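Remarks on the structure that follows.
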There are 2 protein chains.
Amino acid sequence: MAFSKGPQAARITSTDVARAAGVSRATVSFVLNGTSTARISEETRSRVLAAADELGYVPHAAARSLRAGRSDLILLPAAVSATGRLFSDWVDDMETALGERGYTVVLHGNRSPDPVTAARAWAQLRPAAVLAMAPNSLTAEAVQVLAQAGTTAVLTIAPEPMPGVFTLLGDQSDIGRVAAEHLVSRGRRRIGVLMPTERGLSAFAEPRLAGIQRVATVHGATVTPLPMPYGGEAASALAVLCRELGLDAVFGYNDEYAALLSAALNDHGVDVPGQIAVVGADDLLLAQIVRPQLTSVRYRLPAADLIADTVDSLINRGTAEPLPSVWFEPVPRQSS
Amino acid sequence: MAFSKGPQAARITSTDVARAAGVSRATVSFVLNGTSTARISEETRSRVLAAADELGYVPHAAARSLRAGRSDLILLPAAVSATGRLFSDWVDDMETALGERGYTVVLHGNRSPDPVTAARAWAQLRPAAVLAMAPNSLTAEAVQVLAQAGTTAVLTIAPEPMPGVFTLLGDQSDIGRVAAEHLVSRGRRRIGVLMPTERGLSAFAEPRLAGIQRVATVHGATVTPLPMPYGGEAASALAVLCRELGLDAVFGYNDEYAALLSAALNDHGVDVPGQIAVVGADDLLLAQIVRPQLTSVRYRLPAADLIADTVDSLINRGTAEPLPSVWFEPVPRQSS
DNA sequence: ACACCCAGTTTACACGTGTTACCAGTGCTC
DNA sequence: GAGCACTGGTAACACGTGTAAACTGGGTGT
């Protein structure tokens, strides 16, 4: 890789600040970090602060965490496009809550389907914590990679506790279960399940399908997986297929996919919910906007502040109190 | 801040790899980075690789960039929740495109409204590039902070070129302009404009409003800003207000807000577009799902690959060819 | 005169890595 | 055997920072 730096502004380090204030670099560090073990006179203190401000000094996070052996970085691996509004609002709240506690939250779109490869990429940043909320994003080996990199706090959502990981109990398949129980209770027995073909979504879609299949088996209902790319034409084609297959209900994976199909069914003269019931998930605002209003499944995460405290505790004390599970509830509306 | 590290796995460094392979640390570095200036025998090469794999060695990005004086980090400041699907798809593509070029893309939700404070936070990470796509997220001073931190590539979208910044020409007010021209051409003269009250959105909303006002002034139309929180009740209240004010058109800021209002208008017996026309923006899939289908304004960014090449060139050569502007076009549908 | 303490500051080392010199050996030529 | 080129490798420094330990004067008690 050829590198010609080009014209470059002088990089300001704490040494420059020290020189400008006429003190040693250690003093600068003490002042800027408010180290209480060192006594600094008020006069030098203000001189250092003035010099730092004057020069526009900004500390070098990499050097700092290298020396300190810890970083204030918290990594949240998640592809932006693969998140619904509910989750991205939660991410926003987490950024605020953790920011208030002095951490720097950073999102990183995970390009590797293999947990160990992904973990290696995360580990390079030596984050203080990793919040791996996507299902199946961790394995035992991946956790070990993170531990060796000094990441003390690893958080995930999983159906069962993982060793070495703070596990928020919650099962994607419960979404399918709740949806299926709802549909069965309304007398539906021939259930189609939309399976999005977009990258990164199958980790969510597969368990939801499994949850539906378990309920269906008990009640003697049939389940038909229906692969579907995100888009209007695909939905239209699928609407025709649903009619031909004689389905009486479809679980849409998601409110967006469900609404897409619902609109397409309407366009083809299929009555929703008269002929085919449609159920989404995530309870997006979209579900309330479309007509017929969309029945959905909503999930609830523990409050961001609560989780932030947990992460903080994991980082500083290595342990934390358990949190309530993630739970799901049906939100019945017009489409079912 | 009290720190008790707790039980901690041994941290593996290149020194450990060197010891395990029976070579010096320099040799390890040469092998792992494929340095071509140093000649290494095939036999030691494989021994080093085996040792690194065996120990699960992961390089320390901070130490690496500290020593090298550059980092492969690219910072994309953006609140996840404040992005439409169009933009988040683009972010996804950028992560892929830049990842292929060897960079690590990282998103950071910007909690500070002040550009200089925000820039200082970004500068701590010493990123190779900053893609500040939100409007008004940069000032001259903020750019200087980044430059002093060694960030060679700064990219933004703005109406006019900024010195020291690679500016993608594009004006949010053009969205308002395009929407207003469309409405005026359909005979509308009393235009309401939704102004979302959510955090971070006013930077987008204000210029769009300004664009509408400019067009309105020319054609003798009136413009009424309508503050609105994201939600069904607010939309309902606003629907009533729109009727009382005798508006004949509303620009909804966004497809989501527009669809919300459109549904509320329908619920209150107001005919869309008969009595009030509604126009959104971003051309989300949502616009095609709702009935009446929503007229929207779509924007186009240069392809992610093109921008990634530009960023790469800015980092390595300090300069890059200009790119085509961001541009906007109306997408007429049933709601206007 | 000496020991001792205290406030205020500096010296010196460590963190993990990339890279520029430099070095040891071997074969080859004159 | 001296000189040289080449192969394969190592020693040592630098990056910017945090912090334990040492240092300096001046005061204070005995």
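Just so it is clear, the model here is predicted, and its values are computed rather than measured. Numbered from 1 within each chain, the chains take letters A, B, ... in sequence-line order.
Put simply, B/Ser14 has a side-chain N or O that comes within less than 4.0 Å of OP1 or OP2 on C/dT17. For the pair B/Thr37 and C/dT20, the criterion of a side-chain N or O lying under 4.0 Å from OP1 or OP2 is not met.
Nucleotides of DNA chain D lying under 4.0 Å from heavy atoms of chain B occupy a range whose first and last members, 5' to 3', are D/dG8 to D/dG16.
Residue A/Leu138 holds its CG atom at 9.5 Å from CG of A/Leu155, rounded to the nearest 0.5 Å. From A/Leu301, atom CG reaches atom CD1 of A/Ile157 across 5.0 Å, with rounding to the nearest 0.5 Å.
Distance, B/Arg25 CZ to C/dA14 P: 14 Å, rounded to whole Å. Rounded to whole Å, the distance from CZ on A/Arg47 to P on C/dG8 is 13 Å. A/Leu32 has its CG atom 15 Å from the P atom of C/dT9, to the nearest Å. A/Ile40 places its CD1 atom 7 Å from the C1' atom of C/dG8, with the value rounded to the nearest Å. Remark: P of C/dT19 and CG of B/Leu66 are 13 Å apart, rounded to the nearest angstrom.
Residue A/Ser41 is in sugar-phosphate contact alone, with no base atom involved, counting any heavy-atom pair closer than 4.0 Å across all strands shown. Residue-level contact check: A/Arg39 touches the bases, meaning some heavy atom is under 4.0 Å from a base atom. Nucleic acid contact for B/Thr13: sugar-phosphate only, since backbone atoms but no base atoms lie under 4.0 Å from a heavy atom of the residue.
Side-chain N or O atoms of B/Arg11 include one that pairs as donor or acceptor with a backbone N or O of A/Gly69 at under 3.5 Å. Between the B/Asp312 side chain and the B/Ala308 main chain, no donor and acceptor come within less than 3.5 Å of each other.
Closest to the A/Arg67 side chain, of the nucleotides C/dG18, C/dT10, C/dA14, is C/dA14.
Counting only heavy atoms from C-beta outward, the side chains of A/Leu49 and A/Leu32 approach each other to under 4.5 Å. Taking 4.5 Å as the limit, some side-chain heavy atom of A/Gln124 sits within range of a side-chain heavy atom of B/Pro59.
Environment of CD in B/Glu198: crowded, with over 12 heavy atoms of neighbouring residues, nucleotides or ligands closer than 6.0 Å.
Taking a 4.0 Å limit (strictly below) on heavy-atom distances, residues 49-60 of chain A does not reach DNA chain C anywhere.
Classification of A/Arg101 and A/Asp309 as a salt-bridged pair holds, one side-chain N sitting under 4.0 Å from a carboxylate O.
For A/Ser313 and A/Thr310, the side-chain atoms include no donor-acceptor pair closer than 3.5 Å.
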